[in-house]
Chemist: 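Submitted below is the structure of interest, expressed as structure tokens.
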2 protein chains.
Amino acid sequence: MVTIKDIAKAAGVSPSTVSRVVSKHPRISKETADKVKRIMAEMGYHPNAMAKSLVSKTTNTLAIMLPRPAEELFQDFFFGELLRGILTHSTRAGYDMLLTTATGEHDEIETVSRLVLGRRVDGVILLSARVKDPLIQYLNEQQFPSVLIGRTDDSNPHILTVNNNNVQAAYDAAQHLISQGHERIGFVSGPRNLTVSFDRMEGYRQALANAGLKLNTEWVVEGEFLQESGFRAMSFLMEMPDRPTALIVIDDVVAFGVLRGLTELGYSVPDDICIVSFNNIALSELATPPISSTDIGTYQLGYTASQKLVRLIQGEPIHQFSTIIPHRLIVRESSMHVPVKKG
Amino acid sequence: MVTIKDIAKAAGVSPSTVSRVVSKHPRISKETADKVKRIMAEMGYHPNAMAKSLVSKTTNTLAIMLPRPAEELFQDFFFGELLRGILTHSTRAGYDMLLTTATGEHDEIETVSRLVLGRRVDGVILLSARVKDPLIQYLNEQQFPSVLIGRTDDSNPHILTVNNNNVQAAYDAAQHLISQGHERIGFVSGPRNLTVSFDRMEGYRQALANAGLKLNTEWVVEGEFLQESGFRAMSFLMEMPDRPTALIVIDDVVAFGVLRGLTELGYSVPDDICIVSFNNIALSELATPPISSTDIGTYQLGYTASQKLVRLIQGEPIHQFSTIIPHRLIVRESSMHVPVKKG
DNA sequence: AAGGTTTGTTAAAACGTTTGCACAGCTCAA
DNA sequence: TTGAGCTGTGCAAACGTTTTAACAAACCTT
């Protein structure tokens with residue numbers, strides 16, 4: 001293990017000088033710098049990250065806190081794309097990513113405080129906000145640099161957020177169906193305690209209200225972000241006497257399940273029922289039929305989150321604490337059918 | 001920031017004693033331990049990870065090196081599932097995961113040596129081996145604790161590996177088709193420089209040879225691990241006068257593309273052509289038709305890799321340097337059709 | 001030519017732990 | 001009673017950096 005002292009000795013300078021060469025201090029003469037650099041290359045010097053962190057009190061590392069039921073998340077392309085956005089930026093900015101997950105409900109705070117209070121990371125990225133999220137509240141109290149991908153209520157002023165306008169996105173999806181003449185529109189939602197479910201439900205509600213359409217609560221089904229959820233929802237939903245002619249589905253993976261459920265029950269999409277979904281994962285357009293989905297800018301969501309967090313850490317001025325990534329409905333076959341009006 | 005000295009002072013003991021309480025040193029009396037623990041809880045003490053790492057020369061962190069074209073990888077459910085396996089074990093074993101990716105071809109070694117020589121991590125997990133992988137060779141030379149998910153040639157004795165028997169897996173897939181009476185079987189492969197492509201190609205070759213079937217090299221198409229690859233392969237493959245009646249596809253995501261391509265060209269699966277694929281991602285059974293796929297134990301692959309690496313780091317005896325995770329062909333509709341014999 | 005500023009470098013303290021060694025007090029066998 | 005062994009604790013060095021303060025030498029400015 002070659003240390004800064006070894007380099008200093010070999011170059012005939014002090015360790016401080018070597019340190020300053022590494023960190024490009026302006027007061028170092030070109031000759032000294034060149035000599036030291038040459039010797040570092042010759043001897044294969046690599047600064048010890050821990051020693052540096054200890055004294056500089058910065059780790060150049062960000063943590064991603066994965067939400068508890070990580071199974072769901074990982075099943076989703078959505079997560080991979082998000083991670084890719086985060087990683088692309090953080091690598092460019094010179095930050096490493098630490099991936100962490102709690103083992104249980106209660107040790108969530110414990111896990112994050114080990115990292116935060118143990119000065120293991122410089123900032124935290126949170127995924128998937130719950131309606132009353134203790135983790136968010138904790139980080140807000142600690143005033144530790146954090147960014148949430150999702151939404152939090154206004155009482156957490158220290159937390160940056162990057163999010164979609166999910167109310168509007170769901171409104172747009174519903175409006176698309178309404179404009180095609182649908183009057184009975186259902187909603188296959190995700191877990192009720194996630195803000196994303198809440199917001200999309202709200203947009204759905206508003207669109208229906210605006211169009212003067214009835215919202216039959218029996219047309220609203222809550223589930224997980226899993227295929228099974230969508231699959232199971234169908235057997236229930238399609239048995240209803242006055243069943244919907246169109247469905248809004250919270251996520252593409254769930255929509256795959258919905259599609260499969262409908263196929264097995266003998267229904268045809270979009271002829272019997274139309275479907276619009278969210279997240280626009282790569283496979284959506286390869287489904288049979290291709291699924292209409294809302295592109296929420298997943299990569300951008302991750303990239304922006306990392307970007308804002310790094311800015312916050314580096315003390316740059318924050319123009320806006322909350323950033324909205326635009327969405328766009330991609331219409332495909334699954335919603336291309338005009339329903340037959342009832343007598 | 002409350003340090004070990006603060007606790008020592010408050011408890012009326014020396015810092016060494018506090019340190020020993022934290023690390024459960026047997027020579028500490030129960031009374032002292034209890035008192036120190038109480039005070040730590042009261043004052044909210046959290047050990048500084050960097051200081052600890054500096055002196056103990058261990059970081060309790062593993063790195064995952066992502067292969068260069070990370071886009072492909074992230075598009076794949078496969079990666080998420082693998083990550084879940086790794087993370088589940090590493091969390092249990094008390095290790096954090098550092099996710100890193102190189103920005104270019106050349107700085108791969110640089111990126112990993114910063115982590116390795118900078119003593120930032122205790123071990124490295126490598127994904128997706130190339131045929132002559134400089135990264136693997138580097139880690140082998142450094143004799144740094146590493147595990148490869150995939151295969152390497154025998155000249156890297158210091159690298160642990162976890163892998164499937166991909167030759168056998170492809171053999172089994174081909175055999176399945178052959179036993180159904182197929183005589184013209186094609187192969188949609190991945191990038192040629194990945195060992196996984198190489199091995200599956202080999203199994204495919206062996207099975208055909210064993211059955212006395214001709215391998216038409218025009219039936220073999222190389223591409224990426226992307227849907228487009230599968231999609232594009234079809235327009236080419238199906239125009240051939242003596243086109244195959246069955247296809248083996250390197251990955252489910254590619255198979256989705258294949259399926260879509262065939263649908264657009266007006267072919268029906270499995271009636272016109274049968275398909276068998278690999279990796280068995282969750283959406284495979286939701287495709288139309290459900291795709292026959294080889295379950296390669298993705299989660300297990302990741303879990304085992306982490307397990308072996310941690311054992312190596314902790315100096316436990318290694319029984320076998322190379323572990324094979326069993327595979328299993330899941331037959332679904334996409335390969336359930338007996339071809340009509342010619343003449 | 002004197003004083004002030006700039007430039008290039010060093011010495012030493014600090015960061016918060018762990019751990020080898022020393023040692024005091026105790027127990028117990030001979 | 002002696003001393004060997006054990007138990008519980010403290011001292012101080014070490015880990016490899018960064019950074020403040022100090023200072024010598026060189027450069028201006030008048």
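Predicted, not measured: the structure shown is a model, and the values here were computed from it. We name chains A, B, ... by the order of the sequence lines, and we start the count at 1 in each one. Values below: all heavy atoms of this structure, side chains included; hydrogens, waters and symmetry mates excluded.
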Chemist: Taking the minimum atom-to-atom distance to the side chain of B/Ser29, which one of C/dT9, D/dT9, C/dG16 wins?
Modeler: D/dT9
Chemist: Taking OP1 and OP2 of D/dT9, is either one under 4.0 Å from a side-chain nitrogen or oxygen of B/Thr32?
Modeler: yes
Chemist: Compare side-chain N and O positions of A/Lys57 against OP1 and OP2 of C/dA14 and report whether any pair is under 4.0 Å apart.
Modeler: no
Chemist: For C/dC15, does OP1 or OP2 lie under 4.0 Å from any side-chain N or O of B/Lys5?
Modeler: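 No, B/Lys5 has no side-chain N/O under 4.0 Å of OP1/OP2 on C/dC15.
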Chemist: Starting from the 5' end of DNA chain D, give me the residue, B/Pro26 or A/His46, whose nearest nucleotide shows up first.
Modeler: B/Pro26
Chemist: Toward the 5' end of DNA chain C, which comes first, B/Ser16 or B/Ala51, by nearest nucleotide?
Modeler: B/Ala51
Chemist: Report yes if a side-chain nitrogen or oxygen of B/Thr17 is closer than 4.0 Å to either non-bridging phosphate oxygen (OP1 or OP2) of D/dG10; otherwise report no.
Modeler: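 Answer yes for this pair, as a side-chain N or O of B/Thr17 is under 4.0 Å from OP1 or OP2.
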Chemist: Between C/dT9, C/dG16, C/dG20, which nucleotide has the shortest distance from any of its atoms to the side chain of B/Arg20?
Modeler: C/dG20
Chemist: CG of B/Asp34 versus P of D/dT9: gap in Å, rounded?
Modeler: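 Checked: the CG to P distance equals 11 Å.
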Chemist: If we ignore hydrogens and angles and just use 3.5 Å, is the side chain of A/Asp122 paired with the main-chain N or O of A/Asn60 as donor and acceptor?
Modeler: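 Checked: pair present.
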Chemist: Return the value, rounded to whole Å, for the distance between atom CD1 of B/Ile28 and atom P of D/dC6.
Modeler: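 To the nearest whole Å, that distance equals 18 Å.
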Chemist: With a cut-off of less than 4.0 Å, is there a side-chain N or O of A/Ser14 near OP1 or OP2 of C/dA11?
Modeler: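 Negative; the distance criterion is not met.
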Chemist: In whole angstroms, how far is the P atom of D/dG8 from the NE2 atom of B/His25?
Modeler: 10 Å
Chemist: Would you call A/Ile64 and B/Leu99 a side-chain contact if the rule is heavy atoms closer than 4.5 Å?
Modeler: no
Chemist: Among D/dG10, C/dT10, C/dG16, which is the nearest nucleotide to the side chain of B/Val55?
Modeler: C/dG16
Chemist: Can you measure B/Lys35 atom NZ to D/dT9 atom C1' for me and round it to whole angstrom units?
Modeler: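 Between C1' of D/dT9 and NZ of B/Lys35: 11 Å.
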Chemist: Taking atom C1' of D/dT7 as reference, at what distance in whole Å does atom NZ of B/Lys30 sit?
Modeler: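 Atom-to-atom, B/Lys30 to D/dT7, this comes out as 17 Å.
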Chemist: Compare all side-chain heavy atoms of B/Thr17 with those of B/Ile28 and state whether any distance is below 4.5 angstrom.
Modeler: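 Touching, per the 4.5 Å side-chain cut-off.
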Chemist: Got a donor-acceptor pair under 3.5 Å from the side chain of A/Arg27 to the base of D/dT19?
Modeler: no
Chemist: Should A/Glu42 and A/Arg38 count as an ion pair when the cut-off is N to O under 4.0 Å?
Modeler: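 The answer is yes: the pair qualifies as a salt bridge.
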Chemist: May I ask you to verify if any side-chain N or O of A/Thr3 is less than 4.0 angstrom from the OP1 or OP2 atom of D/dC15?
Modeler: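 For A/Thr3, the contact criterion (side-chain N or O under 4.0 Å from OP1 or OP2 of D/dC15) is not met.
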Chemist: Taking the side chain as everything from C-beta on, heavy atoms only, tell me whether A/Leu309 gets closer than 4.5 Å to A/Tyr95.
Modeler: no
Chemist: Give the rounded distance in Å between these two atoms: CG of B/Asn48 and C1' of D/dC15.
Modeler: 13 Å
Chemist: Please determine, for the side chain of B/Lys52, which listed nucleotide (C/dC15, D/dT17, C/dT17) has the closest atom?
Modeler: C/dT17
Chemist: Could you tell me the separation between the CG atom of B/Asp6 and the C1' atom of C/dG16, rounded to a whole number of Å?
Modeler: 10 Å
Chemist: When the distance from CE of A/Met1 to C1' of D/dT17 is rounded to whole Å, what number comes out?
Modeler: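 Taking CE of A/Met1 and C1' of D/dT17, I get 13 Å after rounding.
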Chemist: With a 3.5 Å cut-off and no angle check, do the side chains of B/Thr59 and B/Ser53 form a donor-acceptor pair?
Modeler: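 Absent: no donor and acceptor within the cut-off.
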